[in-house]
Number of protein chains: 2
Amino acid sequence: MNRRDEILAAAAEVFAQHGFRGSTTRRIADAAGVNEITIFRQFGSKEALLREAMQHMTESAGLAELPEIPSDPERELTEWSESFIQHLRLRSSIIRKTMGEIEERPEMSECASSVPIRASNELCKYLVALGRQGWTSEKFEPKTAAAMLMGAIFADAMGRDMMPDVYPQPRAKAAHMYTVLLLRAIGVQNGPRRMTNKQTKRTKQLSA
Amino acid sequence: MNRRDEILAAAAEVFAQHGFRGSTTRRIADAAGVNEITIFRQFGSKEALLREAMQHMTESAGLAELPEIPSDPERELTEWSESFIQHLRLRSSIIRKTMGEIEERPEMSECASSVPIRASNELCKYLVALGRQGWTSEKFEPKTAAAMLMGAIFADAMGRDMMPDVYPQPRAKAAHMYTVLLLRAIGVQNGPRRMTNKQTKRTKQLSA
DNA sequence: TGTGTAAGTAAGTGACTACTTGCATTCTGG
DNA sequence: CCAGAATGCAAGTAGTCACTTACTTACACA
């Protein structure tokens, strides 16, 4: 169904620019190069179309993975952060619109929240592994640390266009800078540092 | 002008719930207990009304201040963070709506960005002072650190309602937890610790 | 008492919106 | 070559939206 996917893509694009109320069937049809009627025949209603477009988007969202066992925290976490911030930046318009619709269309927002929830779990698991493997010298709550890194990345991706002076330069290194700060906060030293595999919980590794 | 302020307040409330397109003059008039016509006579157009309501809001936003010279970083920063997160939480609906309108109504969004810009400058200045006074043991970029703390707070305020499991518990201590993490990231030790007033740049204060 | 001002009532205008109906056209698979 | 499905076109429906016009009411102040 080529036509169907074209309409879904056009709907997502129009929604990203104009939100739900601004996504008129006329605009979506024009953007898809399709007669307005085709939309109603294919999807029944504007709401059904946008719901399907939303699900289609979130399902096709590929997130970077973090290794089960950390071997180079700074490199691994930086790569993950960069892929995450890129993901958010590419979708910043649609995310902002979706967040604005929480009160009026909670189903759509719920569907969109699955991505950050998965990302948070992935990151949390990695941070716990870091602690268990003795990489960290500070006691920390994984959920708080994860929320902090993801929050910084999220705010950067959402707000940099509007307030460029507030965020660190250059934008391409922002994710790395947040990552380094977080690693310091939980007491992980720079660079890959192979340790004894013995799981010494919270080994005090007072620098080298 | 009592009537005028009532209408402005009602407009802000309706906008927070329904966004620009959803804020019909009918709805605003009903919310204000006023005839629809009065709105047009007072403000000329729906757009002018909402613009004025927006400015009215941002002007009346009082932000907590940070001391010029830090004396108890954890306490001072925690208080600031808590006041900031409370400010954002009280306005989360209207902020989400405003963010969703950036593409279509950039003037309104620009006006809203003044608050976080001021907050960021304030925080940055404090972090620089921390470094200059020798509270920190790590080299760090103030802007990055500020963006990280504010980002975490912002994301918490915007997203906790939708994804409560992602953010640290209890919500009342979240701001404090982010603050502690940030202080660790820049190498500030716990508790108030009076130092020589001599401005030793980046004094290595390897614990007590 | 008279006058100006802010507010209300009633009715309507033109544009847009989601969605429908009826019919013609094109394309596809057997 | 032909049935059936997908698509397009023209027209229309009922509703909403921002905004206007014309007129009335209430009240402050001099």
Side-chain angles (χ1 to χ4, degrees), chain A residues 1-56 93-94 97-98 100-101 103-109 111, chain B residues 1-56 93-94 97-98 100-101 103-109 111:
Chain A
M1 308 252 170
N2 202 0
R3 246 330 187 278
R4 210 179 160 81
D5 287 347
E6 277 173 27
I7 296 176
L8 284 173
E13 205 175 317
V14 172
F15 177 83
Q17 287 174 352
H18 304 285
F20 187 88
R21 261 186 261 254
S23 298
T24 67
T25 50
R26 192 96 183 107
R27 262 202 267 247
I28 296 173
D30 286 352
V34 153
N35 194 292
E36 205 178 339
I37 288 223
T38 307
I39 287 176
F40 289 101
R41 282 201 272 244
Q42 287 269 6
F43 300 93
S45 73
K46 163 182 161 174
E47 196 181 332
L49 162 62
L50 286 175
R51 185 164 20 238
E52 192 168 330
M54 208 65 190
Q55 281 178 331
H56 194 259
S93 285
I94 210 168
K97 292 292 181 307
T98 310
E101 312 267 359
E103 280 95 359
E104 295 189 287
R105 259 158 291 275
E107 340 79 52
M108 284 184 63
S109 306
C111 142
Chain B
M1 309 252 171
N2 202 358
R3 248 326 188 277
R4 208 179 162 81
D5 287 348
E6 277 173 28
I7 296 175
L8 284 173
E13 205 176 318
V14 172
F15 177 83
Q17 285 173 353
H18 299 102
F20 186 89
R21 261 186 261 254
S23 298
T24 67
T25 50
R26 191 97 186 105
R27 261 202 270 246
I28 297 173
D30 286 352
V34 152
N35 194 292
E36 204 178 340
I37 287 228
T38 307
I39 287 176
F40 289 102
R41 281 201 273 243
Q42 287 269 7
F43 300 93
S45 73
K46 162 181 162 175
E47 197 181 331
L49 162 62
L50 286 175
R51 184 164 23 236
E52 192 169 329
M54 208 65 191
Q55 281 178 331
H56 194 258
S93 285
I94 210 167
K97 291 292 180 308
T98 309
E101 311 268 359
E103 281 94 358
E104 294 190 285
R105 260 158 290 274
E107 341 79 50
M108 285 185 62
S109 306
C111 141

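Throughout, protein chains are lettered first and strands after them, A, B, ... in sequence-line order, and every chain is numbered starting at 1.
A donor-acceptor pair is defined here as one N or O able to donate and one able to accept, closer than 3.5 Å; such a pair exists between the side chain of A:E101 and the backbone of A:F20.
Here A:M108 contributes atom CE and A:E47 contributes atom CD; the two are 8.5 Å apart, rounded to the nearest 0.5 Å.
Nearest to the side chain of A:V34, among C:dT17, C:dC19, D:dG8, sits D:dG8. The listed nucleotides are C:dC19, D:dC19, D:dA10; the one nearest the side chain of A:I37 is D:dA10. Comparing D:dT7, C:dA7, D:dC19 by their closest approach to the side chain of B:Q42 singles out C:dA7. Nearest to the side chain of B:K46, among D:dA18, C:dT17, C:dG8, sits D:dA18. Side-chain proximity of A:N35 to C:dG8, C:dT17, D:dG8: nearest is D:dG8. With C:dA7, D:dA18, D:dT7 as the choices, the nucleotide that has an atom nearest any side-chain atom of A:T38 turns out to be D:dT7.
For the pair B:T98 and B:S109, the tightest heavy-atom approach, listed with the atom from each and the gap, is O-OG, 3.2 Å. The two atoms that bring B:A32 and B:I7 nearest to each other are CB-CA, 4.0 Å, heavy atoms only.
As rounded to whole Å, 9 Å separates atom C1' of C:dT17 from atom CD of A:E36. Atom CG of A:L50 and atom C1' of C:dT17 are 14 Å apart (whole Å). If you take CZ of B:R26 and C1' of C:dA11, they are 13 Å apart, rounded to a whole angstrom. Atom pair A:E47:CD and C:dT17:C1' shows a separation of 15 Å (rounding to whole Å applied). Atom CZ in B:F40 sits roughly 16 Å away from atom C1' in C:dA7 (whole-Å rounding). A straight line from CG of B:D30 to C1' of D:dA18 spans 15 Å, rounded to a whole angstrom. B:E6 places its CD atom 14 Å from the C1' atom of C:dA6, with the value rounded to the nearest Å. Taking atom CZ on A:F20 and atom P on C:dT17, their separation rounds to 13 Å, with Å as the unit.
Between A:K97 and B:E103 there is a salt bridge, since a side-chain N of the basic residue sits under 4.0 Å from a carboxylate O of the acidic one.
Within the structure, every side-chain polar atom (N or O) of B:R4 is placed at least 4.0 Å from both OP1 and OP2 of C:dA7.
Nearest-nucleotide positions on DNA chain C for A:R21 and A:R41 put A:R21 closer to the 5' end.
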